[in-house]
Amino acid sequence: MLQTSSPATPACPAWPAVPSAAPAADWLDPAVHAALARASASLSGASALLGGADWALHLAASPGKQLDLWRLAWTQAAELAAYAAATLQQRAGLAPACVEPPAQDRRFADPAWQQWPYSVMHQSFLLAERWWSAATQGVWGVEPHHERQVAFAARQWLDMASPGNALATNPVALARTAEEGGLNLLRGWANLQDDWRRTLRGEPPAGSEEYAVGRRVAVTPGEVVLRNRLIELIQYRPTTARVHPEPILIVPAWIMKYYILDLMPQDSLVRYLVDHGHTVFCLSWKNVGADDRDLGMDDYLDLGFRAALAAVRSIVPQQPVHAAGYCLGGTLLAIGAAALARDGDERLASMTLFAAQTDFTEPGELGLFIDEAQVSLLEAQMAETGVLASNQMAGAFQMLRSYDLLWSRLVGEALLGERPRMNDLMAWNADATRLPARMHSEYLRRLFLHNDLAEGRYPVDGRALTLQDLRLPVFVVGTEADHVAPWRSVHKLHHLCAAELTFALGSGGHNVGIVNPPGAAAGSAHIHYRIATRAADGVSLAPDDWLAQATDRPGSWWPAWQAWLAARSGAPVAPPAPGSAAYPVLAPAPGSYVLER
């Protein structure tokens, strides 16, 4: 049988072989996300878009809310028109205001703002703030995190648009310009140029040089008795003939230089304790670099708190230790203390937490910057740099208080030509630090995102720990205006452990409320604190109920804490010598780590 062959089918061109390297998602996506972080000042655009879309879509599906907002806008417009007519006729700012600013809002406090047309301008602005507050809150179906994001974004835009920020609409700045013939604007331009130059060169703000570390701040005498990869431990010299036998170990946060607790002598908590008969030790954290990218939370516990505690017990043997932690250092201390309690280790006499959270379900406005999208963006950027740069943290804190930290400064320095005089706390605030990539990722995920510590999942030495194991006396300090660790969040420790717990609520914010010396408080009516003690295994009150029942006292909380420590300490003895055979003196305080930039 004759067979005929069909034409040969042309072969398909071969595709390039798939490389056997890692998936593209493992190397390409982090690089793209890191580039996005650099372009967006480390803020997640995806997070902002998700929040805005959630709010806008639910508002579109809420005709009742829309009707309420239209009604509010109409009412406000009518009120503003009547107010404008009254002030135009009277020309003296005597007409009743449509809306009064919050007590803490000082933008329009000057009497010049009560004169037409500036009275109408500032009232219009305050009404807009009130309308946007109503518009961004209370919309059915919006996820709470997204609601807070949208409300925060609206406040940022409104703060930027305040009539006080522009020369043409700021009567105080206009009057100053007329009075000085424009010299204030020349000084303001010089101030801005100096700030830009210092920023480009990585230099601290003007006036910081007056507060050199070791010469004007961090001057309490002492010796470095331990140095490892992560910390220097400072033992301070006694100033009294006899001291309480139990030493104090202070664990500051590593997102700040330790000397916020040892500023100028009159503002130094360390000096206050030493002068009241305590032997004080304090950690000074290393300002990490890219080579330290792999240091994690376990390293901060082992090389930080645990290493320091071992040194203190060697130098002051057979004495339990009063441990105190500030901010993130307090959270680390709570972790370390719970691990000691779990393991039956009784080296601690008490634990004190300054503005430190242990439950992160309500972290305050800082939580606006912490969700999966935001953390992933930061992780991609830190994977390239190895650290979280200090200016990234400073930018976030500046946004939380944009008026106080940005716009009021712009008005004062640029429009009025007034550069505020630097003080020790301001100089310290400009002496920022870096955070290692691994630690910061673990901190954000384990604590902020997953709340592992409060929910009994935080692992130490391979085993989860619980704060319920804490039975030693606890003293906790919160501050009324804290944007970093809101006092109601700090108060939650009442519900996490059954130990005897004394809670003090001081006036001020995260830093000013802690750096609160008795001398500065004298004669100042607004400086006060509330304090109450819950007995071990006692009933825990909700924050507002606690606030209603706690005793309100004038002045600083420092003396109350010092008395609390003294009541839980033994009779005074001769002070210990600096260092020990195992921990010899290495250098005078403040050491070298605090000087690293």
Side-chain angles (χ1 to χ4, degrees), residues 211 213-225 232-252 257-284 308 312 315-316 319-326 329 349-350 352 354 423-425 428 475 477 502 504 506 508 511-524 527 529 531 553-579 585 588-591 594:
Y211 297 91
V213 176
R215 293 205 300 270
R216 197 170 180 194
V217 295
V219 295
T220 304
E223 283 76 33
V224 175
V225 293
E232 290 180 329
L233 180 65
I234 301 171
Q235 178 183 357
Y236 291 95
R237 298 175 197 167
T239 59
T240 56
R242 301 177 74 78
V243 298
H244 292 289
E246 298 84 357
I248 298 174
L249 172 61
I250 298 177
V251 185
K257 296 289 183 71
Y258 85 90
Y259 67 90
I260 187 175
L261 299 174
D262 188 26
L263 295 168
M264 296 177 66
Q266 65 269 25
D267 296 330
S268 171
L269 178 59
V270 168
R271 182 61 179 261
Y272 180 83
L273 292 171
V274 171
D275 286 348
H276 282 77
H278 295 279
T279 299
V280 179
F281 295 79
C282 185
L283 279 71
S284 174
V312 172
I315 297 168
V316 190
Q319 293 295 339
V321 177
H322 295 297
Y326 185 8
S350 72
T352 298
F354 305 143
N423 60 37
D424 53 357
L425 187 58
W428 163 85
F475 193 101
V477 181
T502 299
N511 296 328
V512 175
I514 301 301
V515 183
N516 189 11
S524 182
I527 296 179
Y529 68 99
I531 191 167
R553 301 177 181 176
S556 167
W557 56 266
W558 285 14
W561 180 50
Q562 191 278 322
W564 184 89
L565 290 171
R568 289 157 181 79
S569 300
V573 298
V585 172
V594 71

Rounded at 0.5 Å granularity, tell me how far [atom1] in [X] sits from [atom2] in [Y].
X: R271; Y: D262; atom1: CZ; atom2: CG; result: 9.0 Å
X: R216; Y: D424; atom1: CZ; atom2: CG; result: 8.0 Å
X: D267; Y: Y259; atom1: CG; atom2: OH; result: 13.0 Å
X: L565; Y: L273; atom1: CG; atom2: CG; result: 7.0 Å
X: L261; Y: I250; atom1: CG; atom2: CD1; result: 5.5 Å
X: Q562; Y: I248; atom1: CD; atom2: CD1; result: 8.0 Å

Residue pair [X] / [Y]: nearest heavy atoms and the distance that separates them:
X: P245; Y: V316; value: O-CG1, 3.6 Å
X: T502; Y: W564; value: OG1-NE1, 3.4 Å
X: S556; Y: P559; value: O-CD, 3.3 Å
X: V243; Y: P576; value: CG2-CD, 4.1 Å
X: A560; Y: I531; value: CB-CD1, 4.2 Å
X: W428; Y: K257; value: NE1-O, 2.9 Å

**Request:** Would you check if P247 and Q319 make a side-chain contact, meaning some heavy-atom pair closer than 4.5 Å?
**Result:** yes
**Asked** Would you say V515 and L269 make side-chain contact, with heavy atoms under 4.5 Å?
**Response** no
**Message:** Is it the case that the side chain of S569 and the backbone of E246 share a donor-acceptor pair, with hydrogens and angles ignored and the cut-off at 3.5 Å?
**Reply:** no
**Asked** Any sub-3.5 Å donor-acceptor pair from W558's side-chain atoms to I514's backbone N or O?
**Response** yes
Partners meeting side chain to side chain contact (heavy atoms under 4.5 Å, CB included) with [X] (sequence neighbours left out):
X: V219; result: P265
X: P578; result: E223, Q235, V585
X: P221; result: R237
X: A308; result: I231, L233, L249, L283

**Complete:** So the salt bridge (Lys or Arg N to Asp or Glu O under 4.0 Å) pairs with at least one residue in residues 566-578 (sequence neighbours excluded) are E500-R568
**From V321, V251, I315, I234, residue fulfilling side chain to side chain contact (heavy atoms under 4.5 Å, CB included) relative to F281** = I315
**Asked** With sequence neighbours left out, what residues match H244 under ring-ring contact (aromatic ring centres under 6.0 Å, His included)?
**Response** H278
**Prompt:** Taking only residues two or more places apart in sequence, or in another chain, which ones meet Y258 in a ring-ring contact (aromatic ring centres under 6.0 Å, His included)?
**Reply:** none
Using the test side chain to side chain donor-acceptor pair (under 3.5 Å), find all partners of [X] that sit at least two apart in sequence or belong to another chain.
X: Y236; value: none
X: T279; value: none
X: S284; value: none
X: N511; value: Y326

**Request:** Mark yes or no: R553 above the aromatic ring of Y529, with NZ or CZ under 6.0 Å from the six-membered ring centre and no more than 45 degrees from the axis.
**Result:** no
**Message:** Is it the case that the ring center of W561 lies less than 6.0 angstrom away from the ring center of F354?
**Reply:** yes
